[in-house]
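Take a look at the structure set out below.
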Amino acid sequence: MANAALTWSEKMLQLLRRMNNFYSQGSSKSKCFSFEIAGQQVGWIRPNVASILTRFPEVFNLPQGGAISLCQSLDSHESRSEAADAVLQTLRQEGSFSCLNGWRNEKYDVKPKFCDSSLMSMERSATSIFGVKRYGVHINGYTRDEKGEVRMWLARRSATKQTYPGRLDNLAAGGLAAGVSVRDTMVKECEEEACIPATTAETAQPVGTVSYTYEDEEGVFPECQFVYDLELPLEFRPIIGDGEVQEFYLFSIDQVKEVLVTDDFKPNCGLVVLDFLIRHSFIEPDAEPYYQEFVSGLHRNV
């Protein structure tokens, strides 16, 4: 069926399935190796990556029992991080993986679960190669008009962004860098992207997480986004800050729903907005046939 003929609900269901395609029949999941550090799984490695890693036996053990692990001699956070980074620098110079063309010089923690201690840190652009969990912070900025109706602030990403340039996005969002807290990241992104004063950003309420795992040509992406709702005064206007945004819009909920299922919206940010619509009862179980599928698709284990 052509996408244009689909209902809004069917388009949203398609988006959720796309963002969870690693769990779908025909994905690479059954062929992946578990990526392990000190006996704990921290990611997924696809066969094409595994064959390249065999060139670095001083860092990675050969596949065994469906797993690829870091060598036991790398027994500290520092030694693991440095050894893996040296490999990644080599692969970057060789042009082995397209995702490394977007090298960020930004480190992400690598750990089995968010509550665990970090076992090593890894360059952000390389995380999909190893299928390690990535965490971020997203802020739903909204206000109420004179009639009390909710309107939502959306941002349009800069045309020079490395990923999804020019797409619609949440008011502010960013990855959770190694060693930085969730709340500090929230405040920083609000200040940097939308010039929201820290005193205002601090009023944002943590409302849960949105999690999913997808794969594409650049690797496997198990992601968990920490979500905040930030109610703003009606007179508030965000201001472009660090250049990662080119424009802001204040949309009605009907306008938000309309753009949410188009290719104009950054896919994972669309899930964060869907979560907002459900939590604020703009989508209700008696009116939405896929309500249960929506909720479960927003909260997959990673």
Side-chain angles (χ1 to χ4, degrees), residues 1-30 32 41 43-44 46 113-114 127-128 131-140 142 150 152 154 163-164 167-171 173 175-176 182 205-229 251 253-302:
M1 184 183 297
N3 194 58
L6 298 178
T7 66
W8 184 90
S9 298
E10 289 167 337
K11 291 176 182 178
M12 180 54 68
L13 192 61
Q14 276 193 343
L15 174 61
L16 279 164
R17 288 172 174 166
R18 172 186 168 190
M19 296 304 293
N20 285 293
N21 66 3
F22 188 62
Y23 306 109
S24 301
Q25 186 176 5
S27 79
S28 70
K29 186 174 185 292
S30 63
C32 284
Q41 183 177 3
W44 297 97
R46 297 201 289 199
K113 298 188 297 293
F114 184 74
T127 52
S128 62
V132 302
K133 298 171 185 176
R134 298 151 52 104
Y135 297 92
V137 182
H138 288 240
I139 299 93
N140 292 304
Y142 69 101
V150 172
M152 177 173 271
L154 298 177
T163 57
Y164 300 101
R167 298 282 190 96
L168 290 171
D169 200 335
N170 302 115
L171 173 63
L176 190 62
V182 175
Q205 298 297 307
V207 291
T209 62
V210 169
S211 52
Y212 48 86
T213 302
Y214 69 95
E215 65 176 347
D216 61 21
E217 65 279 358
E218 293 194 342
V220 180
F221 297 79
E223 297 189 340
C224 176
Q225 311 299 344
F226 292 90
V227 181
Y228 284 81
D229 283 357
F251 279 4
I253 293 301
D254 285 343
Q255 289 174 308
V256 170
K257 290 183 68 175
E258 182 180 349
V259 298
L260 199 56
V261 293
T262 69
D263 290 336
D264 200 27
F265 218 100
K266 185 171 180 277
N268 70 329
C269 299
L271 301 194
V272 173
V273 174
L274 175 63
D275 175 67
F276 178 92
L277 297 176
I278 290 171
R279 289 185 292 99
H280 289 262
S281 300
F282 294 111
I283 296 176
E284 296 191 344
D286 286 332
E288 174 49 65
Y290 297 118
Y291 188 90
Q292 192 277 327
E293 285 85 353
F294 286 0
V295 173
S296 61
L298 292 170
H299 305 289
R300 297 294 298 265
N301 288 332
V302 295

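For clarity, every value in this text was computed on a predicted model and none was experimentally measured.
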Side chains of [X] and [Y]: do they bring a donor and an acceptor to under 3.5 Å?
X	Y	answer
His280	Asp229	yes
Tyr212	Glu223	yes
Thr209	Gln225	no

Is it true that the NZ or CZ of Arg300 lies under 6.0 Å from the centre of Tyr23's six-membered ring and within 45 degrees of the ring axis?
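Judged by the rule, Arg300 and Tyr23 form a cation-pi pair.
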Would you list the pairs meeting salt bridge (charged side-chain N to carboxylate O under 4.0 Å, His left out) in which at least one residue belongs to residues 265-277, sequence neighbours left out?
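Of all non-adjacent pairs touching residues 265-277, those that pass salt bridge (charged side-chain N to carboxylate O under 4.0 Å, His left out) are Asp275-Arg279.
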Spatial distance of atom [atom1] ([X]) from atom [atom2] ([Y]) [nearest 0.5 Å]:
X	Y	atom1	atom2	value
Ser128	Asp216	OG	CG	7.0 Å
Ser27	Asn21	OG	CG	7.0 Å
Leu16	Leu271	CG	CG	5.5 Å
Thr262	Lys11	OG1	NZ	8.5 Å
Met152	Phe282	CE	CZ	8.5 Å
Gln41	Lys133	CD	NZ	7.5 Å

Show your reasoning for whether ring-ring contact (aromatic ring centres under 6.0 Å, His included) applies to Tyr214 and Phe22.
CA-CA 5 Å; Tyr214 69 95; Phe22 188 62; 9.9 Å; no
If you draw a 6.0 Å radius around CD in Gln255, do more than 12 non-hydrogen atoms from other residues or ligands fall strictly inside?
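Yes - once you tally the heavy atoms of other residues, nucleotides and ligands closer than 6.0 Å, there are more than 12.
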Under 4.5 Å between any side-chain heavy atoms of [X] and [Y], yes or no?
X	Y	result
Leu260	Trp8	yes
Asn140	Tyr228	no
Leu15	Phe265	no
Phe294	Leu277	no
Val220	Lys29	no

Looking at Thr7, is its backbone amide N or carbonyl O close enough to the side chain of Glu10 to form a donor-acceptor pair, meaning the two atoms are under 3.5 Å apart?
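Yes.
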When you look at Phe226 and Phe114, which way does the ring-ring contact (aromatic ring centres under 6.0 Å, His included) test go after all the steps?
CA-CA 11 Å; Phe226 292 90; Phe114 184 74; 4.8 Å; yes
Walk me through whether Arg46 and Glu215 qualify under salt bridge (charged side-chain N to carboxylate O under 4.0 Å, His left out).
CA-CA 10 Å; Arg46 297 201 289 199; Glu215 65 176 347; 3.0 Å; yes
Could you report the tightest heavy-atom contact between [X] and [Y], atom names first, then the distance?
X	Y	value
Asn20	Gly297	ND2-O, 3.0 Å
Asn170	Ile139	CB-O, 3.6 Å
Arg17	Ser24	O-OG, 4.4 Å
Pro222	Val132	CD-O, 3.5 Å
Lys113	Tyr135	C-OH, 3.9 Å
Leu154	Val259	CD1-CG2, 4.3 Å

Result of checking Phe276, Tyr290, Tyr291 against Ile283 for side chain to side chain contact (heavy atoms under 4.5 Å, CB included)
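Single side chain to side chain contact (heavy atoms under 4.5 Å, CB included) partner of Ile283 among Phe276, Tyr290, Tyr291: Tyr291.
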